[in-house]
Protein chains: 2
Amino acid sequence: MPLTQEHKLRSRKKILDSALKLFIAHGFNNVSIDKIMQNVNMTRGAFYAHFSSKSELYKESILNAAFNTDLAQMKPENISEQEWIKKLLKGYLNSDHISLKSKPCPLAFLSTDVAVSKPEVRKAFTTTYINMNKTILNYTKTYSSCEEEQTLAITAMIIGGAAIARAINDEETRSKLLKSCRETSQKILDGA
Amino acid sequence: MPLTQEHKLRSRKKILDSALKLFIAHGFNNVSIDKIMQNVNMTRGAFYAHFSSKSELYKESILNAAFNTDLAQMKPENISEQEWIKKLLKGYLNSDHISLKSKPCPLAFLSTDVAVSKPEVRKAFTTTYINMNKTILNYTKTYSSCEEEQTLAITAMIIGGAAIARAINDEETRSKLLKSCRETSQKILDGA
DNA sequence: GTCTATAGAAAGATAGAC
DNA sequence: GTCTATCTTTCTATAGAC
């Protein structure tokens, strides 16, 4: 790969990571292209060498985020499917995730913005959501009678739980909510 | 009550309803004060006789919406608590609710916007969320061993389910998701 | 590929007339 | 209480130099 192209790809990746972080932290409309580019030490002009519009950036940053989540990584070989899912759930319904200290789930923190976005953005969100459920089902079906209905309900619960936990500003309610979602989702899986 | 004050209250209520509808349909930042006022046949100047800022309007429209939900109304005397909850769940996880044809739940359709809003807005959201759980628990505890943990998990599931259903643009996935949440939430309540 | 400069549009909030 | 007019800021996107 030529040096210039590799350089371009590195720039692109930096822009995508910066964009997602800012979109989640402040909302799509509250983040200007200027701020995103300043965050990676570039200027607004350079942006359009990578993306044709802010909306395209949004779509790409969602796909990039989905690719980076813990769930999208390979399961470590030394632990079981059941342990892996338990670990993932724990990491998801965790205050570090809610406060964006760990890799954020675009499904939990962007839903409102996505609902009013262009079709291409909603498509990226939809694909990410479907893949999340498929991946979880592939793990859970190896150790429980879990079917699609259960994974759809569980992902709704954990995505909803994370979204609410981030929106509310009462710490006691937040930790009760996260605990309830952790325990109830685990129960559904174990009992299924 | 003087005629002018009654008139003012009527105007205020119209603005609040218009605002909520538009905020949910297009997102907080995509709705200008101009559009909200045009929607009730008034101009931007009149807005500031009712609210000091767009953010205050947001807070008040969330509280107004919470007051108007089906859950906030009295249970009809001729049906049981269990039937009432079942009916409410059905109405919530319903395509009419997702497409905003029935009275929308601010918790499901505003979470991302609220998460990046001013403390007063998040406070209104938090109070609404806590009240939703209290109200549900008051009904469910009359017929099942349902406790706070179950209501927190169930509201996370239905709020999350509604939020995702609105964000995705695949009709088949949407109806599968809503059905799963309806059935699983019902099972948790009946089994609790 | 990245920069600076700028065009063009839109928004929140205020001032003053009626 | 509601109107019109305006100030001021901010944003997306483009143009052209290097």
Side-chain angles (χ1 to χ4, degrees), chain A residues 1-62 113-114 116-121, chain B residues 1-62 113-114 116-121:
Chain A
M1 174 154 47
L3 216 153
T4 54
Q5 201 173 349
E6 192 187 330
H7 179 233
K8 180 169 182 181
L9 276 178
R10 245 203 317 269
S11 290
R12 181 188 156 91
K13 174 81 170 125
K14 280 201 292 182
I15 296 170
L16 284 174
D17 289 337
S18 164
L20 184 86
K21 208 169 167 176
L22 291 172
F23 285 151
I24 290 181
H26 305 111
F28 181 73
N29 282 286
N30 294 319
V31 179
S32 64
I33 294 172
D34 234 6
K35 280 184 204 151
I36 294 167
M37 297 305 279
Q38 277 171 18
N39 200 36
V40 294
N41 293 317
M42 287 194 265
T43 58
R44 198 174 335 108
F47 174 81
Y48 292 93
H50 295 274
F51 305 96
S52 66
S53 69
K54 195 183 174 187
S55 194
E56 192 199 332
L57 167 67
Y58 199 30
K59 178 194 74 174
E60 294 297 329
S61 72
I62 288 173
D113 272 352
V114 168
V116 299
S117 293
K118 300 210 171 129
E120 57 176 357
V121 177
Chain B
M1 175 155 45
L3 218 153
T4 54
Q5 200 173 347
E6 192 187 330
H7 179 232
K8 180 167 183 182
L9 275 178
R10 245 202 318 270
S11 290
R12 181 189 156 91
K13 174 80 169 125
K14 280 201 293 183
I15 296 170
L16 284 174
D17 288 338
S18 164
L20 184 86
K21 208 169 169 177
L22 292 171
F23 285 150
I24 290 181
H26 305 110
F28 181 73
N29 282 287
N30 294 319
V31 178
S32 64
I33 293 171
D34 235 5
K35 281 184 203 152
I36 294 166
M37 298 304 280
Q38 276 169 20
N39 200 36
V40 294
N41 294 316
M42 287 194 264
T43 58
R44 200 174 37 250
F47 174 82
Y48 292 93
H50 294 275
F51 305 97
S52 67
S53 69
K54 196 184 173 188
S55 193
E56 191 199 331
L57 167 67
Y58 199 30
K59 180 194 73 174
E60 295 295 330
S61 73
I62 289 173
D113 272 352
V114 168
V116 300
S117 294
K118 301 210 171 127
E120 55 175 359
V121 177

_A:Ser117: side-chain hydrogen bond (donor to acceptor under 3.5 Å, both in side chains) partners, not counting sequence neighbours_ =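 With sequence neighbours excluded, A:Ser117 shows a side-chain hydrogen bond (donor to acceptor under 3.5 Å, both in side chains) to no residue whatsoever.
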
*Sequence neighbours excluded, which residues qualify as side-chain hydrogen bond (donor to acceptor under 3.5 Å, both in side chains) partners of B:Ser55?*
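Partners of B:Ser55 under the side-chain hydrogen bond (donor to acceptor under 3.5 Å, both in side chains) test: B:Glu120.
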
*For B:Asn41, does its backbone N or O pair with a side-chain atom of B:Lys14 as donor and acceptor, under 3.5 Å?*
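Judged by distance alone, no pair lies under 3.5 Å.
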
*Verify, without hydrogens or angle tests, whether B:Lys54 (side chain) and B:Val31 (backbone) share a donor-acceptor contact under 3.5 angstrom.*
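Yes: the side chain of B:Lys54 pairs with the backbone of B:Val31.
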
*Under 4.0 Å from any atom of DNA chain C, heavy atoms only: list the residues of residues 26-37 of chain A that qualify, in numerical order.*
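None, since no heavy atom is under 4.0 Å.
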
*Which ones in residues 46-60 of chain A lie close to DNA chain C, meaning a heavy atom under 4.0 Å from one of its atoms?*
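Within residues 46-60 of chain A, the residues near DNA chain C are A:Ala46, A:Ala49, A:His50.
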
*Partners meeting salt bridge (charged side-chain N to carboxylate O under 4.0 Å, His left out) with A:Lys13 (sequence neighbours left out)*: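 Per chain and number, A:Lys13 pairs via salt bridge (charged side-chain N to carboxylate O under 4.0 Å, His left out) with A:Asp17.
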
*asked:* Quick check on C:dC3: is either OP1 or OP2 less than 4.0 Å from any side-chain nitrogen or oxygen of A:Thr43?
replied: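 Answer yes for this pair, as a side-chain N or O of A:Thr43 is under 4.0 Å from OP1 or OP2.
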
*Does a nitrogen or oxygen in the side chain of B:Ser11 sit under 4.0 Å from OP1 or OP2 of D:dG1?*
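For D:dG1, neither OP1 nor OP2 has a side-chain N or O of B:Ser11 closer than 4.0 Å.
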
_Using 30° and 60° as the class boundaries, would you call the ring planes of B:Phe23 and B:Phe28 parallel, tilted or perpendicular?_
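Ring orientation of B:Phe23 relative to B:Phe28: tilted.
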
[N] [atom2] sits how many Å from [X] [atom1], rounded?
X       : N     : atom1 : atom2 : value
B:Lys13 : D:dG1 : NZ    : C1'   : 20 Å
A:Lys8  : C:dG1 : NZ    : C1'   : 8 Å
A:Gln38 : C:dT2 : CD    : P     : 16 Å

*So does A:Arg44 reach the base of C:dT6 with its side chain, donor to acceptor, closer than 3.5 Å?*
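Indeed, a donor on one side and an acceptor on the other fall under 3.5 Å apart.
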
_With ring-ring contact (aromatic ring centres under 6.0 Å, His included) as the rule and sequence neighbours excluded, what pairs involving residues 30-50 of chain B come up?_
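Of all non-adjacent pairs touching residues 30-50 of chain B, those that pass ring-ring contact (aromatic ring centres under 6.0 Å, His included) are B:Phe47-B:Phe51.
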
*Before giving the answer on side-chain contact (heavy atoms from CB on, under 4.5 Å), spell out for A:Ile36 and A:Leu57 the whole-Å C-alpha distance, their side-chain angles and the decisive distance to 0.1 Å.*
CA-CA 11 Å; A:Ile36 294 167; A:Leu57 167 67; 3.7 Å; yes

